Participant: 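Below you will find the structure I want to go over with you.
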Amino acid sequence: MRFNPFGPVGGARPDGDDDDALELTGGMPPPRAEYQSADGDDYAPDLPVVQRASRWRWVTRGLAAAIVLFVFAVGWLAVTAPLSKSLQPPTPPSITLLADDGTPIARRGAILEAPVDAAKLPKNVTNAFLAIEDRRFRSHWGIDPRGIARAFFHNVTSKGRDQGGSTITQQLAKNAFLDSDRTAARKIREVMIAFWLEAWLSKDQILSRYLSNVYFGDNVYGLRAAARHYFGRTPENLSIAQAAMLAGLVKAPSKLAPTVNLQGARDRAKLVVAAMVDAKLLDKADAADVRPARIVPDRRRTLPNGTYFADWVLPEARDHAGEIATETTVQTTLDRRLQKAAERATKRAGLRDAQIALVAMRPDGRVVAMVGGKSYVDSPFNRATQAQRQPGSAFKLFVYLAALRNGMTPDSVIDDEPITIAKWSPKNSDGRYLGPISLRQAFARSSNVAAARITQQVGVAKVIQAARDLGVSTPIPNEATIALGTSSMSLLELTAAYASVAAERYPVRPRGLEAEPERGVLATLTDRTRALSGDLHDQMLDLLSASAETGTGRAAALSVPTYGKTGTTQDNRDALFIGFANGLVCGVWVGNDDNTPNAGLSGGGIPARVWRDFMQSALGVGAAVAPEPEPEIVDPDTANGVEETLENFLDPANIPTVEGEIPGVGRVRLRNGELNFEPNRSNDPERGPDRRRRDRFDDRAPPPRDPEDVP
């Protein structure tokens, strides 16, 4: 029986006397000499054998781990960085806004074109990029050790600008798959992706994707878009000078863009040509013939990146387009003809320091023209949509709507007399009070005390409710002073309120897209439009017509029925005219950005005339003509021949010459039937200080001096 080393402590003797064995060894196995078989031969116990690990086994394990990691990395790249991503631009593509007739009016975002095929491009075009960016592109496997060593040596020994050692493949990997973080982890991923691209794509495919995505400044991405943008031609037709300039832009596109730094772009192009010669990609003779490239942009495709209307409508356009994966177009409501008419009218306003804004819309809310200031280049702040200014007496639209809802009519009588409401005593701007007058008269002459009295009678809450019904959403204080337009709002919001009267429905929501916005179930139930009843609508037109045709806004009167209201705030800080005619609603505002006073400015002056100027061009109508007096009719049967006597009497030859001076008025001269009157200039109020103050706004003619409203 063999000794069992895994038995009880001390093992067991062949004779089975375990106790004796334990006593002899003190609980430990006996020495080797005592391991004997039954016939007396020595034997060794069955102990485990320890073997030294083979060096090749570690090599095998390392290779297996590397294979697993490589498979994992390839799988990770396949999921997170598909090859198709190398064809996508590094920034969201552009969104092009179209006018209502489909004409492009503005573009926002990256300017892109179709990808290029490097194999089909002229050799001088591709060689220009290879010479300056990656000379050993055709021979390396994604990274260039020589280029890295050269860049490292230059950066250590030179105090100038650092050089990079990235290959074109690495640049494609960085632009298409990675962010711009300067970390070691990003660089490692860049190298891995570069190897991966080299394994799956040919050299021409890599170069094609690089040239199709690289940035060339001016928000232009890709060689085709850059060639069109800077030279108005396709990449297949680029000259050596043009190709060299584009290749040189890649280093610092924003700084070297020829539209902002033509000399810098030309200097860089010279370096590219020299690099092509040094790399034996261009003959010296051909290089000597290269002349500096001239910028010839494709003006047919040039669109502004920003306008007042484009800035306002862009968020709505992006929501309508959803996630933009490619370049997209969105049709807007802008009418190019009306937009040009609005720009002409505002430029002819004769303004000097003051600013101006104009917005025009259809009664259904489609905005067709917008001017947010005198110059978008100088100030892109949109005063038609972003500025919150007091509307002055243009707010009286809501006061009188509340009065009509409360049972009054345009013929109802209101006292045009001073009034005090809780220590507030409004006054008429001209200091005149006519006593009992109709609502029509009060609205036409923009009586402040009448508006305050109406607000007191119907209640402030009903005036606020009228404003809310017509779409005003800005805060309105719960006090009687709102009758004179002391609460602030935008010109767009106020114009939309007047559009509700023109549309006979309220509220009107201004919009800039041709397509109707999608509305949820809750919005459909809670924000429905309501009809403006026939009698109420006719009464509002009665009031607005009186104001625009015979009242403070008569300077805006057209040859067609005109409806509108003036507004002037305290110290003439803001002046407005809002109105509509023939299916077009328009609002005009004039004032200073710093809210300082404008002596002589009123809503019946410049705003009314700008409004009329625009509407005449937009509608193709003329200004209102004063009615001619009807001729006196004489019955010949009852005249008894008096008509002959009158005819002889009115013969100019029988009229003597009369000439004289009327004290305080002027000089009168009647000769041959013609009456000539020369007023006394010294007593003409239009030639005094007020005239000079008004001339600072309009050098052509002074605005009519109306009893306009000032709180």
Side-chain angles (χ1 to χ4, degrees), residues 88-114 212-232 246 249 252-262 265 295-336 338-340 342-343 346-347 355 357-359 367-386 492 511-514:
Q88 298 176 2
T91 61
S94 66
I95 179 170
T96 301
L97 302 179
L98 309 178
D100 61 349
D101 61 354
T103 304
I105 56 175
R107 178 185 287 119
R108 187 67 63 84
I111 301 175
L112 306 172
E113 293 281 354
S212 298
N213 286 342
V214 68
Y215 183 50
F216 289 95
D218 268 8
N219 214 21
V220 176
Y221 289 84
L223 181 62
R224 190 174 301 279
R228 181 86 66 179
H229 180 72
Y230 292 120
F231 306 115
L246 292 180
L249 298 181
S254 298
K255 180 180 178 181
L256 296 175
T259 51
V260 296
N261 186 6
L262 180 58
I295 302 302
V296 187
D298 185 9
R299 299 190 182 278
R300 295 172 302 171
R301 302 174 60 87
T302 301
L303 291 175
N305 285 328
T307 63
Y308 291 115
F309 179 82
D311 289 352
W312 172 68
V313 80
L314 186 64
E316 186 181 1
R318 290 197 182 280
D319 291 342
H320 176 78
E323 183 179 358
I324 302 175
T326 58
E327 184 172 1
T328 187
T329 58
V330 177
Q331 188 167 13
T332 71
T333 59
L334 188 80
D335 187 310
R336 291 192 303 139
L338 299 185
Q339 179 65 26
K340 292 179 180 178
E343 293 171 356
T346 54
K347 288 180 180 178
Q355 278 288 353
L358 182 150
V359 60
V367 176
V368 293
M370 179 179 291
V371 176
K374 291 190 297 186
S375 171
Y376 180 86
V377 175
D378 296 336
S379 174
F381 178 73
N382 194 336
R383 295 156 187 85
T385 62
Q386 295 175 284
L492 179 67
R511 73 177 197 271
L513 298 186
E514 194 64 44

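One is the number of the first residue; the rest follow in order along the sequence. It should be emphasised that the depicted structure is a prediction, and the values quoted were computed from it without experimental measurement.
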Participant: F231 versus I295: any side-chain heavy-atom pair under 4.5 Å?
Facilitator: yes
Participant: Minimum heavy-atom separation for P104 to T96, with atom names?
Facilitator: CB-CG2, 4.0 Å
Participant: How far apart are the C-alpha atoms of L513 and V313, what are their side-chain angles, what is the distance that settles it, and do they pass the side chain to side chain contact (heavy atoms under 4.5 Å, CB included) test?
Facilitator: CA-CA 7 Å; L513 298 186; V313 80; 3.7 Å; yes
Participant: List the residues meeting salt bridge (Lys or Arg N to Asp or Glu O under 4.0 Å) with D311, not counting sequence neighbours, and say none if there are none.
Facilitator: R108
Participant: Can you check whether S375's main-chain N or O pairs, donor with acceptor, with Y308's side chain at less than 3.5 Å?
Facilitator: yes
Participant: If you round to the nearest 0.5 Å, how far is CG of L256 from CG of L246?
Facilitator: 12.0 Å
Participant: With sequence neighbours left out, write down each residue that passes side chain to side chain donor-acceptor pair (under 3.5 Å) with Q355, or none if nothing qualifies.
Facilitator: none
Participant: Could you work out, with side chain to side chain donor-acceptor pair (under 3.5 Å) as the rule, every residue matching T385, not counting sequence neighbours?
Facilitator: N382
Participant: For V371 and R383, run side chain to side chain contact (heavy atoms under 4.5 Å, CB included): C-alpha distance rounded to whole Å, both residues' side-chain angles, the deciding distance at 0.1 Å, then the answer.
Facilitator: CA-CA 8 Å; V371 176; R383 295 156 187 85; over 6 Å; no
Participant: According to side chain to side chain donor-acceptor pair (under 3.5 Å), who are the partners of S254, at least two apart in sequence or on a separate chain?
Facilitator: none
Participant: Sequence neighbours left out, what passes ring-ring contact (aromatic ring centres under 6.0 Å, His included) with F216? Give chain and number order.
Facilitator: none
Participant: I need the minimum non-hydrogen distance between I111 and H229, along with the two atoms involved.
Facilitator: CD1-ND1, 4.4 Å
Participant: Quick one: does any side-chain atom of S379 pair with a main-chain N or O of Y376 as donor and acceptor, under 3.5 Å?
Facilitator: no
Participant: Where is the tightest heavy-atom contact between P253 and Y215, given as atom of each residue plus distance?
Facilitator: CG-CD2, 3.4 Å
Participant: Considering all heavy atoms of both residues, which atom of Y230 and which atom of L249 are nearest to each other, and what is their separation?
Facilitator: CE1-CD1, 3.9 Å
Participant: Roughly how far, to the nearest 0.5 Å, is the OG1 atom of T346 from the CG atom of L358?
Facilitator: 7.0 Å
Participant: Look only at the side chain of D101 and the backbone of T103, and say whether a donor-acceptor pair between them is shorter than 3.5 Å.
Facilitator: yes
Participant: Should T332 and I105 be marked as a side chain to side chain contact (heavy atoms under 4.5 Å, CB included) after you check the CA-CA gap, both sets of side-chain angles, and the distance that decides it?
Facilitator: CA-CA 9 Å; T332 71; I105 56 175; 3.8 Å; yes
Participant: Distance check, rounded to the nearest 0.5 Å: L97 atom CG versus L334 atom CG?
Facilitator: 9.5 Å
Participant: Checking side chain to side chain contact (heavy atoms under 4.5 Å, CB included) for the pair L492/W312: CA distance, chi angles, key distance, verdict?
Facilitator: CA-CA 11 Å; L492 179 67; W312 172 68; 3.7 Å; yes
Participant: Does R107 use its side chain to pair, donor to acceptor, with the backbone of N305 at less than 3.5 Å?
Facilitator: no
Participant: Ignoring hydrogens and geometry, is there a side-chain-to-backbone donor-acceptor pair from T333 to E514 under 3.5 Å?
Facilitator: no
Participant: Could you tell me the separation between the CG atom of L223 and the CG atom of N213, rounded to the nearest 0.5 Å?
Facilitator: 11.5 Å
Participant: Of the non-hydrogen atoms in A99 and R336, which two are nearest, and what is the gap between them?
Facilitator: CB-CG, 3.7 Å
Participant: Once side chain to side chain donor-acceptor pair (under 3.5 Å) is applied, do any residues pair with D100, and if so which ones, sequence neighbours excluded?
Facilitator: none
